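What's counted below: heavy atoms across the whole structure, side chains too, no hydrogens, waters or symmetry copies. In what follows, residues are counted from 1 in the order of the sequence shown. Since the structure is predicted, the reported quantities are computational estimates derived from the model, not experimental observations. Indexing begins at 1, ligand by ligand and atom by atom, following the structure's order.
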Amino acid sequence: MPRHRRAPQVHKFGGASLADSTAVRRAVEIIQSHRGEPTVVVVSAMAGATDALLAVAQQAGSGDEGAVAALIDHLRSRYAEAAQALLPAGRNRAGMLAHVAEGFEELEELAKDLRRVRELTARTTDYVVARGERLSARLFAAALDVAAAEAKYVDALDVVHTDAAFGQASPDFAKTDRSVQRVLQPLIERGVIPIVPGFIGATPDGETATLGRGGSDLTATLLARALGASRVSLWKDVPGLLTADPRVVPDARVIPQLHAREAAELAYYGAKVLHPRALIPLAGRRIPIFVRPFDDPSSPGTEVSETVEPGRVPVKALTAAAGQALVTVTGNGMLGVPGIAARTFAALHGRQISVSLISQASSEHSICFSVPESFADQARDSLVQEFQGEIARREIDGVEVSRGMATIAVVGLGMHGTPGVAAGVFSALAAGGINVVAIAQGSSELNISVVVSAAEAAEAQRRIHAGFQLSRIAGGSVIRPERMEIVLLGFGQIGRALATLLAKVERPALSLRVAAVIDRSGFIFDPAGISPRRLGTLAAEKRKGRSLAELPKGQRSSSEDAVRYIAGYALTRPVLVDLTADDTAPALEMALTHGMDLVLANKRPLADRRAISEALWQTARAHGRRILHEATVGAGLPIIDTYHKLIESGDRVDSIEGLLSGTLGYVLNEVCAGVSFSQAVRSAMAKGYTEPDPRDDLSGMDVARKALILARLLGYREELRQSSVESLVPQWARTLSLEEFLGRLEELDTVWERRVSAAAAEGAVLRYVALVRPDKIAVGVRAVPASSPLASIKGSDNQLVFTTARYKSNPLVITGPGAGAEVTAAGVLNDILRLAGA
Ligand code: ADP
Ligand code: ASP
Ligand code: MG
């Protein structure tokens with residue numbers, strides 16, 4: 001009875017995923033975690049093994065005996081050590097060690113022969129290097145067996161068929177399809193996991209040929225095609241397909257989704273991450289490829305498929321190919337003469353030289369194209385020959401070759417029909433003083449290539465990457481952002497209220513999604529967005545006291561590391577929303593430097609030591625980011641916004657005075673209405689107006705922080721401890737446990753009775769008032785005349801009075817609800833929408 005009829009998954013492990021026994025063990029664990037699903041595994045050689053084997057072949061061919069022996073010994077011991085470490089003593093281990101010994105003995109023999117004949121052919125080279133993959137595959141099969149999964153080594157020559165172009169063989173799809181179905185399908189149906197060496201196949205004569213460097217990617221897609229696989233996972237040493245080569249552009253980011261044509265273009269133009277022909281077998285099929293980080297198996301990496309939308313951003317990624325030469329044919333006689341271009345390329349084609357960039361000046365005065373440097377002389381010779389006549393008649397001046405060039409390809413389906421992409425590339429390079437030698441737009445219109453000198457190629461890539469803001473949006477300069485990803489730092493009451501509000505936002509030009517939630521335990525991240533339903537479930541779990549790290553897809557981490565991880569993805573317009581009450585400055589710094597804007601409800605970072613809060617503003621300025629923090633003062637009331645509007649309109653704010661604590665407002669209102677202090681505090685607690693420990697409110701620190709934030713806007717340069725803050729918690733009560741404190745609350749009642757009646761005798765009521773000026777902060781209880789606006793404030797409302805140059809005798813007053821999760825979330829949402837419209 002066949003056990004599996006479902007479409008299998010194909011997993012490919014690259015060299016880095018098989019670097020040593022620890023890596024192989026982890027790869028085995030990845031396969032085990034997919035237990036129950038029909039699976040096929042393709043493996044590369046151990047990291048560096050192919051290079052070492054190639055070196056063996058080359059040095060043997062040139063007669064260097066010592067070097068060859070050393071290389072072989074080193075490789076042999078790497079494979080043998082891995083076998084020792086992975087397999088328990090016994091038949092399996094002995095069998096594996098015998099394979100290793102045999103493989104390298106044969107190699108030693110081959111090396112001897114090569115030294116004798118001193119001639120190295122592509123055929124022999126392929127035969128030499130093929131053992132790297134074969135040994136890996138045997139090792140992997142044995143290790144999987146130890147882990148109690150039924151695995152079977154299947155040689156690539158039994159399933160992958162190619163032409164006879166050794167070193168660069170092309171697969172024969174039809175033949176491969178048939179063999180794969182005949183050999184692998186029955187195994188899969190029996191629940192066996194076939195382990196196939198990548199990179200190699202059988203020529204029509206049954207010899208071993210390689211598919212070109214990086215060819216095991218191609219093996220994986222060939223098998224996936226033949227089996228109608230559900231997906232292909234390529235496990236690599238990078239977090240996914242990035243906006244650029246991370247070794248060249250340090251702030252390259254993971255692209256969550258890429259269309260197959262974009263990925264193919266990148267691979268073709270030199271991005272080493274994918275084999276250039278790996279996508280061809282899957283053309284027209286709905287089989288997605290996932291480029292996934294071996295270091296972090298739970299991460300989605302990059303999805304490459306034909307169903308990915310082009311998106312609106314014109315540019316998604318770039319890549320470079322060094323070692324190019326630019327060949328230019330110039331001459332006045334070319335003007336209007338038909339067929340010069342055709343003859344040029346026919347001549348090159350005749351010599352099998354592949355041209356990667358062609359550009360013809362609109363004056364038709366010149367044609368230039370780039371070829372790999374090693375073909376430059378051949379290309380020139382063939383053209384000089386082709387145009388002999390024209391050169392003699394001086395219609396063509398000649399053929400020039402410039403070496404030491406690099407071609408940079410800028411790729412994105414969205415550039416089709418988007419004007420100005422080439423100009424953007426130019427101006428990015430011009431700003432860096434980098435000379436563009438040639439430029440061409442691919443006929444596919446999903447790529448613009450420029451040729452620059454190889455010495456400037458790295459700088460050019462960084463400039464273009466920055467110019468199109470690829471680290472932020474994986475695309476070109478978006479005028480109106482279509483997508484904004486929210487990273488919620490803190491998922492308590494306000495976070496939950498915000499999630500509900502976000503789900504209701506309807507703005508045609510804007511799609512808001514929550515990409516991540518972070519709490520003290522860790523985070524949950526989905527670059528495609530966490531659905532409102534899932535957020536609801538998460539909220540429910542959180543209310544039950546569970547932490548994010550414990551929930552499905554939760555990852556344990558510090559906030560700072562979570563932000564770093566998330567920032568590794570090329571999100572369109574990431575905004576970090578801090579809803580905690582923690583010291584989050586390090587995570588916020590991390591977010592700013594990685595291109596996120598900030599929206600804060602958390603007061604602490606801005607009310608921290610001046611060095612810390614100033615540093616945040618400075619980092620934001622340096623990275624062109626914004627920090628909005630309306631909800632830090634007066635919850636949803638437009639306090640900060642009003643301040644900025646006044647300043648923008650040329651006014652000067654002299655002071656801001658008012659009631660900034662809903663909790664203290666409520667307590668003092670009650671007390672002045674005749675309720676005892678202890679009773680007022682207890683009912684504030686019952687109504688949820690206080691922090692869990694009411695002393696956090698009664699100490700006045702919360703108001704002081706708000707006052708400090710306002711004061712710093714006005715230019716206040718001191719620290720919190722320099723401002724005068726009256727605490728309603730007497731000295732003796734500060735060190736008690738919460739329980740003890742609540743038990744002794746009544747002891748405070750008499751003092752308050754006295755204060756209230758003293759004020760009443762003067763026709764005044766007590767209010768907890770903050771006074772903020774550029775040079776002073778004073779926060780404490782004041783008796784205000786019953787007739788003053790501050791006296792009329794009810795319940796937990798806030799009120800702020802701005803005295804400015806313009807509003808001097810008649811100050812500007814803002815009143816409204818200043819506390820509560822709902823209104824705070826509304827204030828936060830307002831900031832988010834303001835960023836979106838910016
Ligand atoms: P494998 O282990 O599967 O053979 P490769 O070594 O072939 O993996 O590919 C991964 C390497 O490709 C990375 O180490 C990285 O340096 C390089 N690379 C170049 N361009 C990119 C890009 N745009 N995205 C990701 N990696 C890239
Ligand atoms: N091992 C081969 C190489 O290094 C094939 C591969 O890794 O895909 O090119
Ligand atoms: Mg590779």
Considering only protein heavy atoms, which is closest to [atom], and at what distance to one decimal place?
atom	result
atom 4 (O) of ligand 2	Arg213 NH2, 2.9 Å
atom 7 (O) of ligand 2	Ser44 OG, 3.2 Å
atom 5 (P) of ligand 1	Lys272 NZ, 3.8 Å
atom 8 (O) of ligand 1	Lys236 NZ, 3.4 Å

Assess the side chains of [X] and [Y]: does a donor N or O sit below 3.5 Å from an acceptor N or O?
X	Y	value
Ser44	Ser216	yes
Thr39	His11	no
Thr124	Asp126	no
Arg564	Ser557	no
Tyr565	Asp296	yes

For [X], take its heavy atoms, then give the atoms of ligand 1 lying under 4.0 Å from any of them.
X	result
Arg247	16 (O), 17 (C)
Gly15	2 (O)
Lys12	1 (P), 3 (O), 4 (O)
Leu241	24 (N)
Ala244	22 (C), 23 (N)
Gly14	1 (P), 2 (O), 3 (O)

Proximity of Asp237 to ligand 1 by residue part, where a heavy atom lies under 4.0 Å: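 Looking at Asp237 and ligand 1, just side chain atoms fall under 4.0 Å.
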Taking non-hydrogen atoms only, is Val238 closer than 4.0 angstrom to ligand 1 via side chain, backbone, both or neither? side chain
Considering Val254, Leu318, Leu242, Thr50 one by one, which has a heavy atom nearer to atom 24 (N) of ligand 1 than any of the others? Leu242
For atom 12 (O) of ligand 1, which candidate among Val411, Thr302, Val291, Val273 provides the closest heavy atom? Val273
I'd like to know whether ligand 2 has His275 as a neighbour, heavy-atom separation below 4.0 Å.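 The answer is no: ligand 2 sits nowhere under 4.0 Å from a heavy atom of His275.
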Is ligand 2 less than 4.0 angstrom away from at least one heavy atom of Gly132?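 Flag not set, Gly132 not near ligand 2.
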Touching ligand 1 at all, Ala317? Heavy atoms, strictly under 4.0 Å? no
Does some non-hydrogen atom of Ser17 fall short of 4.0 Å from ligand 1? no
Any N or O of Gly214 that comes nearer than 3.5 Å to an N or O of ligand 2? yes
Counting only nitrogen or oxygen atoms and a 3.5 angstrom limit, does Ser216 reach ligand 2?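 Among all N and O atoms of Ser216, at least one is under 3.5 Å from an N or O of ligand 2.
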Are Asp51 and Arg213 within salt-bridge range, i.e. N to O under 4.0 Å? yes
Give the C-alpha distance, both sets of side-chain angles, the deciding distance and a yes or no for side chain to side chain contact (heavy atoms under 4.5 Å, CB included) between Thr319 and Asp245. CA-CA 7 Å; Thr319 178; Asp245 187 337; over 6 Å; no
Would you say the side-chain atoms of [X] pair up with the backbone N or O of [Y], donor to acceptor, closer than 3.5 Å?
X	Y	result
Lys236	Val273	yes
Thr210	Phe199	no
Glu303	Phe290	no
Gln32	Ala147	yes

Determine whether more than 12 heavy atoms belonging to other residues, nucleotides or ligands lie under 6.0 Å from atom NE2 of His74.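 It does not: His74 NE2 has 12 such atoms or fewer within range.
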